[in-house]
Amino acid sequence: MSVIQVLSPQLANQIAAGEVVERPASVLKELVENSLDAGAQSIDIDIEQGGVKLIRIRDDGCGIAEDDLPLALSRHATSKIGNLEDLEAVSSLGFRGEALASIASVSRLSLTSNHGQDKAWKAVSEGRDMEVDIQPASHPVGTSVEVRDLFFNTPARRKFLRTEKTEYNRIDESIKKLALSRFDVAFNLRHNQRAQLSLRPAATQLEQEKRVADICGAPFMEQALYVDNDRHGLRLWGWIGLPTFSRSQADLQHFFVNGRSIRDKVVSHAVRQAYQDVLYHGRHPAYVLFLEITPADVDVNVHPTKHEVRFRESGSIHSFISSTIKKALAEDRPQDHLQSNDSSIPGNSGQPFSPQSDQQALQQNSQWQPSMQFSDHRPSSHGAAAPMAAYQSLYSTDQASLPETPLDFNAEQDVPPLGYAIAQLKGIYILAENSEGLIVVDMHAAHERITYERMKRDFDDQGLVSQPLLVPESLAVSQREADAAEQNNAIFTKLGFTIERAAAESIIVRQIPAILRGSEVEALLRDVLSDLLEHGTSERIRDHINEILSTMACHGSVRANRKLTIPEMNGLLRDMEATERSGQCNHGRPTWSQMTLDQLDKLFLRGR
């Protein structure tokens with residue numbers, strides 16, 4: 001074995017560079033984060049040849065004093081933390097004090113700064129012996145950093161870089177994430193002397209939405225919901241895409257914790273769970289979300305690139321994120337997406353939708369009465385749950401109590417958001433007229449969601465019926481899994497399970513929910529325990545129950561080619577306006593679409 005020796009400072013810096021300087025985009029990220037930590041309000045970025053030839057960052061932050069310039073290029077030298085307490089509650093983006101030293105070790109770096117003095121100073125490092133040359137310079141208050149010839153002295157690293165276009169695309173993606181994280185800062189990006197991005201500070205919500213649209217695309221903002229929720233020192237705000245605006249890949253998902261862009265399993269799982277009941281299988285939601293949390297409650301010192309964090313109370317964070325998004329999706333109604341200015345129409349006043357008050361208003365305006373009654377779903381004498389698809393045929397109420405369509409309506413205040421039915425097309429679609437134009441409804445998809453939501457509500461109201469197993473089932477588990485089952489016994493009890501710990505690595509299942517009779521209960525419980533260990537919470541049992549209810553709702557809903565009367569169609573429209581998540585069916589498909597009069601006029605070239 002070779003003799004142990006201390007590595008040279010240059011080699012140690014180049015090894016450290018491998019952790020934080022993977023490609024030009026990672027250099028840009030580190031430098032812009034330094035500018036943001038310095039309080040910059042405007043950041044100008046110049047890139048040449050995908051960042052390999054040049055990366056120049058200029059900001060108007062607080063700057064660096066002359067005496068601190070050599071230290072700024074030293075390893076583990078920083079002004080952002082000073083003791084262990086600071087490290088346990090990091091509030092800045094950078095704090096390790098190694099980025100500039102690592103970048104300087106693999107490039108030709110110059111740093112020019114003015115700390116509010118009469119003269120600016122410039123530090124130059126050539127990446128060889130790491131000596132820093134300090135000389136006077138001209139520069140306004142703030143800092144400019146130039147990184148030239150990246151990896152010029154490490155050819156093995158340089159050959160792993162991709163094409164100029166690919167490396168620039170990575171830079172473009174990185175700067176857009178940073179621009180989303182700080183709406184109050186102006187960003188300007190040039191590549192090969194050509195302007196690529198120019199973003200002004202965004203103070204109001206409207207200006208912020210414009211920046212999001214510029215970065216994520218206008219279609220996202222056109223189909224996004226704004227969320228803002230505070231609870232126990234946590235705040236989650238931002239924009240979530242409607243379920244109908246789903247993606248084939250998880251390529252439009254931005255999550256920030258205290259202004260830091262992160263990737264986290266707890267967060268991803270919480271968002272997926274919130275969308276589970278409304279998203280088409282295999283599709284991914286789109287979102288731009290910001291979590292504000294006490295710095296001491298999140299550990300950002302997990303990975304050198306700071307892309308990952310660790311929450312001290314991951315279970316509560318998971319629950320907060322999931323419940324916030326789920327509530328926003330549930331409260332979204334068709335009328336929230338219509339442009340009517342009539343505040344007398346429920347849901348068009350700009351106020352949060354109240355299922356109770358709005359449903360009463362709709363009943364008064366339209367004189368409709370829901371007729372679908374939930375049948376008794378208690379288990380039969382044989383122990384299996386009786387079919388819950390015994391819902392009555394669609395809207396079998398006395399049709400005399402339902403109004404005919406007022407085809408000649410004039411007063412907008414008399415028109416419900418989805419209007420009044422005028423016809424049925426091919427036994428599949430309902431055509432309705434509202435104050436804006438034409439509404440087209442997929443009657444099966446809409447009725448499926450209405451039936452499903454009623455079944456869930458009635459199921460919860462009547463409670464989960466448990467069924468004792470004739471022979472209690474013993475499961476061999478790990479000690480951690482057994483501990484999780486014992487500690488979360490209240491969760492299992494609430495969901496209809498009776499579970500006891502039999503030994504250090506064994507649990508016994510004595511009762512299960514009657515509706516899960518015939519399901520793979522052992523596999524389900526193992527998945528639940530895995531969730532509890534990884535995320536601190538689990539919704540798998542409830543989700544599995546919902547899957548069964550969804551299947552029943554699908555089979556119990558009105559089928560294609562079923563001829564409906566006008567009152568029946570109007571009853572369905574009124575139910576849609578009062579039902580949670582009615583914008584999409586149980587499988588994530590849209591249930592309705594609006595064509596305004598202007599769109600129809602353009603279709604037929606009217607007014608030209």
Side-chain angles (χ1 to χ4, degrees), residues 25 28-29 32 36 41-45 168-191 194-229 235-257 259-262 267 271 274-275 278-279 283-292 324-325 328-329 331-332 334-341 348 350 436 583-584 590 593-596 598-599 602:
L28 176 108
K29 173 181 176 294
V32 173
L36 294 173
Q41 294 300 301
S42 180
I43 300 175
D44 297 320
I45 304 163
Y168 172 73
N169 288 340
R170 299 282 182 91
I171 286 177
D172 182 67
E173 180 183 353
S174 181
I175 194 62
K176 285 178 177 177
K177 281 185 178 293
L178 290 162
L180 284 174
S181 73
R182 290 290 300 272
F183 289 109
D184 59 320
V185 178
F187 291 85
N188 297 286
L189 174 64
R190 291 164 51 90
H191 183 221
R194 303 183 70 174
Q196 302 292 332
L197 188 67
S198 180
L199 299 172
R200 297 179 179 180
T204 67
Q205 182 178 330
L206 186 62
E207 291 171 340
Q208 292 172 356
E209 289 178 351
K210 184 181 183 304
R211 176 175 287 196
V212 174
D214 289 340
I215 294 174
C216 300
F220 168 73
M221 281 309 305
E222 290 169 0
Q223 301 188 62
L225 301 175
Y226 180 74
V227 299
D228 193 343
N229 186 27
R235 183 192 178 199
L236 182 69
W237 66 279
W239 297 266
I240 57 174
L242 291 171
T244 47
F245 185 79
S246 59
R247 314 276 290 184
S248 60
Q249 300 179 8
D251 59 346
L252 211 168
Q253 298 182 347
H254 301 283
F255 197 92
F256 303 88
V257 176
R260 185 190 307 277
S261 176
I262 62 105
V267 170
V271 175
Y275 275 90
V278 291
L279 205 62
R283 304 290 293 181
H284 300 270
Y287 53 85
V288 177
L289 289 171
F290 304 85
L291 178 66
E292 297 175 8
T324 299
I325 298 175
L329 293 172
E331 292 180 347
D332 180 54
Q335 50 267 42
D336 296 329
H337 305 282
L338 300 175
Q339 302 301 316
S340 174
N341 294 321
N348 285 340
E436 295 183 28
Q584 53 281 317
S593 180
Q594 166 88 65
M595 288 193 71
T596 65
D598 288 342
Q599 291 172 324
K602 289 179 182 178

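Computed from a prediction, not measured in an experiment: that's the story for all the values here.
Residue Gln196 holds its CD atom at 12.0 Å from CD1 of Ile45, rounded to the nearest 0.5 Å. Residue Glu207 holds its CD atom at 12.0 Å from CG of Asp184, rounded to the nearest 0.5 Å. Taken from SG in Cys216 to CD in Glu209, the straight-line distance is 12.0 Å, to the nearest 0.5 Å. Here CD of Glu173 is found 12.5 Å from NZ of Lys29. Values are rounded to the nearest 0.5 Å.
Counting heavy atoms from C-beta outward, Ser248 and Arg283 have side chains that approach closer than 4.5 Å. Looking at heavy atoms from C-beta onward, Ile240 lies out of side-chain contact with Pro285 at the 4.5 angstrom threshold. Contact of the Ile43 side chain with the Leu36 side chain is registered, since non-hydrogen atoms from C-beta on lie closer than 4.5 Å. Residues Trp237 and Thr324 have side chains not in contact (no heavy-atom distance under 4.5 Å, counting atoms from C-beta outward). Side-chain contact between Leu225 and Asp336: absent, with no pair of heavy atoms (C-beta onward) separated by less than 4.5 Å. In this structure, Lys176 and Leu180 have side chains that are not in contact, with every pair of non-hydrogen atoms separated by 4.5 Å or more.
Judged by distance alone, with hydrogens and angles left aside, the side-chain atoms of Ser174 form no donor-acceptor pair with the main-chain N or O of Ile171 at under 3.5 Å. Of the possible polar contacts, none joining the Arg170 side chain to the Ala25 backbone as a donor-acceptor pair under 3.5 Å is found. For the pair Arg200 (side chain) and Arg211 (backbone), a donor-acceptor distance under 3.5 Å is absent.
By the 6.0 Å contact criterion, CZ on Arg235 is enclosed, its count of non-hydrogen atoms from other residues, nucleotides or ligands being greater than 12. Counting heavy atoms of neighbouring residues, nucleotides and ligands inside a 6.0 Å radius, atom NZ of Lys177 exceeds 12 of them.
Looking at every heavy atom in both residues, Pro243 comes nearest to Leu279 through O-CD1, 3.5 Å. The shortest non-hydrogen separation linking Tyr287 to Val271 is CE2-CG1, 3.5 Å.
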Test side-chain contact (heavy atoms from CB on, under 4.5 Å) on Ile325 and Leu289 and set out the steps.
-> CA-CA 10 Å; Ile325 298 175; Leu289 289 171; 3.8 Å; yes
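Using cut-offs of 30° and 60° for the angle between ring planes, the Phe220 and Phe245 rings count as tilted.
Ring to ring, Phe290 and Phe183 are close: their centroids are under 6.0 angstrom apart.
For Asp598 and Lys602, the salt-bridge test fails: no basic side-chain N is under 4.0 Å from an acidic carboxylate O.
A side chain to side chain contact (heavy atoms under 4.5 Å, CB included) with Leu199 is found for one member of Asn188, Ile215, Ile175 and no other, namely Ile215.
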